[in-house]
Engineer: 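Below is one structure. I have some questions about it.
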Amino acid sequence: MLYSEKVMDHFKNPRNVGEIENADGIGEVGNVKCGDIMKIYIKVDEGIITDVKFKTFGCGSAIASSSMATEMIKGKSIEDALELTNKAVVEALDGLPAHKVHCSVLAEEAVKAAVKDYYEKNGIEYDKSKFCDGDCCHCGKHQDE
């Protein structure tokens, strides 16, 4: 089977879909060339992510990765959310096909972009090396462009 039961479950029944009005942080990553665009919204109270929502334009793996990533950071501290890796998302989904791993990378980057936005909106110092600057699409489809 190409996709695990967890991937199919998060694709068919995604968690935390939508947007948060007046979100404390919004991260949008992706690229029309890839076809996958993820937007993650976070609500933060005293350093804890109390709510998280996402909107993803993309394939089933992108939707499942977004859904799983939001589940993994909800209720966690901002610092813990920054530690989320695409590898952890893939493991939580019981694997992704090799050509779909870029979807989990986008989920990691969307979370980090939302945290970065939160830091910037609140004037919080942060380590810039932990964040992508610019076009971070890692789909590999257009690296020579």
Engineer: Examine distances only and state if a side-chain atom of D117 and a backbone atom of I26 form a donor-acceptor pair shorter than 3.5 Å.
Structural biologist: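 Indeed, once roles are kept as given, a pair shorter than 3.5 Å links the two residues.
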Engineer: Identify the heavy atoms of S65 and M38 that sit nearest to each other, and give their distance.
Structural biologist: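 Of all heavy-atom pairs spanning S65 and M38, the closest is CB-CE, 4.5 Å.
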Engineer: Roughly how far apart are E83 CD and M72 CE, rounded to 0.5 Å?
Structural biologist: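 These two atoms lie 12.0 Å from each other.
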Engineer: When you look at E71 and N16, which way does the side chain to side chain contact (heavy atoms under 4.5 Å, CB included) test go after all the steps?
Structural biologist: CA-CA 8 Å; E71 287 285 276; N16 308 307; 3.0 Å; yes
Engineer: Would you confirm whether K43, through its side chain, and N22, through its main-chain N or O, come within 3.5 Å as a donor-acceptor pair?
Structural biologist: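 Flag set: sc K43 to bb N22 pair under 3.5 Å.
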Engineer: On a heavy-atom basis, which atom in A64 and which in F11 lie closest, and how many Å separate them?
Structural biologist: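 Of all heavy-atom pairs spanning A64 and F11, the closest is CB-N, 4.1 Å.
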Engineer: Should E19 and K55 count as an ion pair when the cut-off is N to O under 4.0 Å?
Structural biologist: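 Counted as a salt bridge, because a side-chain N and a carboxylate O are separated by less than 4.0 Å.
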Engineer: Hey, does S66 have a side-chain heavy atom less than 4.5 Å from the side chain of P14?
Structural biologist: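 Result no, sub-4.5 Å side-chain heavy-atom pair not found.
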Engineer: Taking all heavy atoms of S104 and all of L96, pick out the closest pair and write down the distance.
Structural biologist: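 Heavy-atom minimum between the residues: CB-CD1, 4.1 Å.
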Engineer: With side chain to side chain contact (heavy atoms under 4.5 Å, CB included) as the criterion, how do I73 and D80 come out once you've worked through the C-alpha distance, each side chain's angles and the decisive distance to 0.1 Å?
Structural biologist: CA-CA 7 Å; I73 67 167; D80 284 347; over 6 Å; no
Engineer: Enter the distance from I48:CD1 to K74:NZ here, rounded to the nearest 0.5 Å.
Structural biologist: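 One gets 14.0 Å once the value is rounded to the nearest 0.5 Å.
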Engineer: What about I124 and V115, same hydrophobic cluster or not, with Ile/Leu/Val/Met/Phe/Trp/Tyr joined at side-chain heavy-atom distances under 4.5 Å?
Structural biologist: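 Same cluster.
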Engineer: Distance check, rounded to the nearest 0.5 Å: K100 atom NZ versus L2 atom CG?
Structural biologist: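 If we round to the nearest 0.5 Å, K100:NZ and L2:CG are 9.0 Å apart.
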Engineer: Taking atom OH as the centre, does Y126 end up with more than 12 heavy-atom neighbours from other residues, nucleotides or ligands that are less than 6.0 angstrom away?
Structural biologist: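 Atom OH in Y126 is packed in, count exceeds 12.
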Engineer: Search all heavy atoms of I37 against all heavy atoms of E28 and return the closest pair with its distance.
Structural biologist: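 Of all heavy-atom pairs spanning I37 and E28, the closest is CG2-OE2, 3.5 Å.
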Engineer: Taking atom CG of L106 and atom OG1 of T56, what is their separation to the nearest 0.5 Å?
Structural biologist: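 It is 8.5 Å, given to the nearest 0.5 Å.
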Engineer: Determine, step by step, whether K39 and V29 satisfy the side chain to side chain contact (heavy atoms under 4.5 Å, CB included) criterion, reporting the C-alpha distance in whole Å, the side-chain angles of both residues, the deciding distance to 0.1 Å, and the verdict.
Structural biologist: CA-CA 7 Å; K39 198 167 189 176; V29 297; over 6 Å; no
Engineer: Please walk me through it: do I78 and I42 pass side chain to side chain contact (heavy atoms under 4.5 Å, CB included)?
Structural biologist: CA-CA 10 Å; I78 283 285; I42 58 173; 4.0 Å; yes
Engineer: More than 12 heavy atoms of other residues, nucleotides or ligands under 6.0 Å from CD of E21: is that the case?
Structural biologist: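 Atom CD in E21 is not packed in, count stays at 12 or less.
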Engineer: Which heavy-atom pair separates N86 from E108 by the least distance, and what is that distance?
Structural biologist: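 It is N-OE1, 2.7 Å.
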Engineer: State yes or no: do Y119 and V44 share one hydrophobic cluster built from I, L, V, M, F, W and Y residues joined by side-chain heavy-atom distances below 4.5 Å, directly or via other members?
Structural biologist: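 Y119 and V44: one cluster.
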Engineer: Ignoring hydrogens, what is the shortest heavy-atom contact between L84 and K112? Give both atom names and the distance.
Structural biologist: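 Looking at all heavy atoms of both residues, the closest pair is O-CE, 4.1 Å.
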Engineer: Measure from the side-chain N and O atoms of S67 to the backbone N and O of R15, and report whether any donor-acceptor pair falls under 3.5 Å.
Structural biologist: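 It does hold such a pair.
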Engineer: Does one hydrophobic cluster hold both V17 and M68, with members joined at side-chain heavy-atom distances below 4.5 Å?
Structural biologist: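 Cluster IDs for V17 and M68 match.
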Engineer: Is there a chain of hydrophobic side chains (I, L, V, M, F, W, Y, each step under 4.5 Å between heavy atoms) that links I49 to Y41?
Structural biologist: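 In one cluster: no.
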Engineer: Would the number of heavy atoms belonging to other residues, nucleotides or ligands and lying under 6.0 Å from NZ of K87 be above 12?
Structural biologist: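 It does not: K87 NZ has 12 such atoms or fewer within range.
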Engineer: Ignoring hydrogens and geometry, is there a side-chain-to-backbone donor-acceptor pair from D94 to K6 under 3.5 Å?
Structural biologist: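 No, D94 side chain to K6 backbone: no donor-acceptor pair under 3.5 Å.
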